[in-house]
Protein chains: 2
Amino acid sequence: MRIRDSWEGDAFDPECPTRVILDRVGDKWTVLIIEILDDSPKRFGEIRRAIGGITPKVLTSTLRSLVADGLVTRQSFGEVPPRVEYSLTDLGRSLQAPVTALRRWAERNVAELIDNRDRQAEIDDAQAR
Amino acid sequence: MRIRDSWEGDAFDPECPTRVILDRVGDKWTVLIIEILDDSPKRFGEIRRAIGGITPKVLTSTLRSLVADGLVTRQSFGEVPPRVEYSLTDLGRSLQAPVTALRRWAERNVAELIDNRDRQAEIDDAQAR
DNA sequence: TCCCAATAGTATCTTTGAGGTACTACCTTT
DNA sequence: AAAGGTAGTACCTCAAAGATACTATTGGGA
């Protein structure tokens, strides 16, 4: 996606930075991977096991795009069995602060949200009957 | 999704709060809608025009789920032509702070990310040839 | 009277991307 | 010779998102 050199702050234009970043971090796995890579490099299998429920195909493609965007580096040691380590770049590390803010909000507020959701589901149920 | 009453902080378990919230705000439109509803209630069409490129079907379903989760309220005035206003709940408003943090990061760092991405695309191109 | 504008959606079809399961290549160890 | 461990691929399915067109309602203008 092409971006203008200067930006005057219309956050709702399809080309705006916020949109680009939301497309980037707004998928199901990016944030989890970034949090996992926090302190030290991790191997493919380590990441996979740390995240429950990601398939290798999806992990591979997510990691590739993270590398392409310069958030993560990939280092392959020429060993057998293969060893590949992924770690955060400085850019990737700088993303951790806002991500952490979001996690904190999550930890404080999921309960209420789930509560609302369940209650709404009951209402929908009742209407269906 | 069912959530345990107490949580000990494994952010990578599929049932953890962070996962739930990421599934919630991690889609393409939620954050944009929350930012649009910031200051005042907005009508369906206003939201639609403010966000470039969302189809009415997707907007409808996103708004419904936001209402179900208690982040947004929907008020329908019995008028013709119809008038429906959406506004943030307190819970929805509380989500704005972390979302703003993410936007700030975006505004500071998209340029670099896009730059990396374009450079990688060139490399891929070269290898394809 | 008849038709149009305005609004909040629905309906239907196509496309995209994520998920599931199984498989490969490679060398080491037993 | 067989099994094990690792980083992925291949192929198929299915659900969600996107595109485009359509609906219901009624006050106002020709």
Side-chain angles (χ1 to χ4, degrees), chain A residues 1 12-15 19-20 22-33 36-37 41-69 72-87 117 124 127-128, chain B residues 1 12-15 19-20 22-33 36-37 41-69 72-87 117 124 127-128:
Chain A
M1 199 190 276
F12 305 113
D13 183 302
E15 280 192 345
R19 281 293 266 285
V20 175
L22 283 172
D23 286 349
R24 168 66 275 186
V25 305
D27 72 297
K28 200 169 177 179
W29 308 111
T30 293
V31 166
L32 293 170
I33 292 174
I36 284 175
L37 294 181
K42 295 279 186 312
R43 302 178 59 171
F44 185 91
E46 285 183 288
I47 300 173
R48 189 183 172 187
R49 281 185 299 274
I51 305 180
I54 191 170
T55 63
K57 192 192 80 169
V58 174
L59 180 53
T60 298
S61 76
T62 304
L63 285 171
R64 290 232 170 103
S65 68
L66 286 169
V67 170
D69 288 352
V72 164
T73 54
R74 175 185 190 277
Q75 183 180 11
S76 171
F77 304 80
E79 303 177 2
V80 165
R83 183 154 69 101
V84 178
E85 285 188 352
Y86 294 90
S87 30
R117 191 178 287 181
D124 292 348
Q127 300 216 329
Chain B
M1 203 188 274
F12 305 112
D13 182 303
E15 279 192 345
R19 281 295 264 286
V20 175
L22 284 172
D23 285 350
R24 167 67 277 187
V25 305
D27 72 298
K28 201 170 177 177
W29 308 111
T30 291
V31 167
L32 293 169
I33 293 174
I36 284 176
L37 294 181
K42 295 279 187 311
R43 303 179 59 172
F44 185 92
E46 284 182 287
I47 301 172
R48 188 183 172 187
R49 281 185 299 274
I51 305 180
I54 191 170
T55 64
K57 192 191 78 164
V58 174
L59 180 53
T60 298
S61 75
T62 305
L63 285 170
R64 289 229 171 106
S65 68
L66 286 169
V67 169
D69 288 353
V72 164
T73 54
R74 175 186 189 276
Q75 183 180 11
S76 170
F77 304 79
E79 302 177 3
V80 166
R83 183 154 70 100
V84 177
E85 284 187 356
Y86 294 91
S87 30
R117 190 178 288 181
D124 292 349
Q127 299 216 332

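This one's a predicted model, so the numbers in the text were calculated from it and none came from an experiment. Every chain is numbered from 1 and lettered A, B, ... according to where its sequence line falls, protein lines coming before strand lines.
- B:Asp27 has its CG atom 15 Å from the C1' atom of C:dA18, to the nearest Å.
- The CD1 atom of B:Ile47 sits 9 Å away from the P atom of C:dA8 (whole-angstrom rounding).
- Atom CZ in B:Arg48 sits 13.5 Å away from atom CZ in B:Arg43 (nearest 0.5 Å).
- For the atom pair CD1 of B:Ile54 and NZ of B:Lys28, the computed distance is 9.5 Å after rounding to the nearest 0.5 Å.
- One interatomic measurement links the two molecules: CD of A:Glu79 to P of C:dT29, which rounds to 12 Å at whole-angstrom precision.
- Contact between the side-chain N/O atoms of A:Arg74 and the OP1/OP2 oxygens of D:dG8 is found at a separation under 4.0 Å.
- At the phosphate of C:dA8, OP1 or OP2 sits under 4.0 Å from a side-chain N or O atom of B:Arg43.
- Spacing between atom CZ of B:Arg49 and atom P of C:dA6 amounts to 11 Å, rounded to whole angstrom units.
- Here D:dG27 presents its C1' atom at 19 Å from CZ of B:Phe77, a figure rounded to the nearest Å.
- One cannot find a donor-acceptor pair under 3.5 Å joining the base of C:dG9 and the side-chain atoms of B:Lys57.
- Of the side-chain N and O atoms in B:Lys28, one or more sit less than 4.0 angstrom from OP1 or OP2 of D:dG18.
- The nearest heavy atom of DNA chain D to B:Arg48 and to B:Ser61 marks one nucleotide each, and the one closer to the 5' end goes with B:Ser61.
- C:dA8 atom C1' lies 14 Å from atom CD1 of B:Ile54, rounded to whole Å.
- In this structure, B:Arg64 reaches the C:dT10 phosphate: one of its side-chain N or O atoms is under 4.0 Å from OP1 or OP2.
- To the nearest 0.5 Å, atoms CZ (A:Arg49) and CD1 (A:Ile36) are separated by 11.0 Å.
- Atom-to-atom, CD of B:Glu85 to P of C:dT7 comes out at 13 Å; the value is rounded to the nearest Å.
- Note on B:Trp29: every side-chain N or O is 4.0 Å or more away from OP1 and OP2 of D:dA16.
- One atom, CG of B:Leu59, and another, P of C:dG9, lie 8 Å apart when rounded to the nearest Å.
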*Can B:Ser65 and B:Arg24 be said to form a side-chain hydrogen bond (donor to acceptor under 3.5 Å, both in side chains), step by step?*
CA-CA 9 Å; B:Ser65 68; B:Arg24 167 67 277 187; 3.2 Å; yes

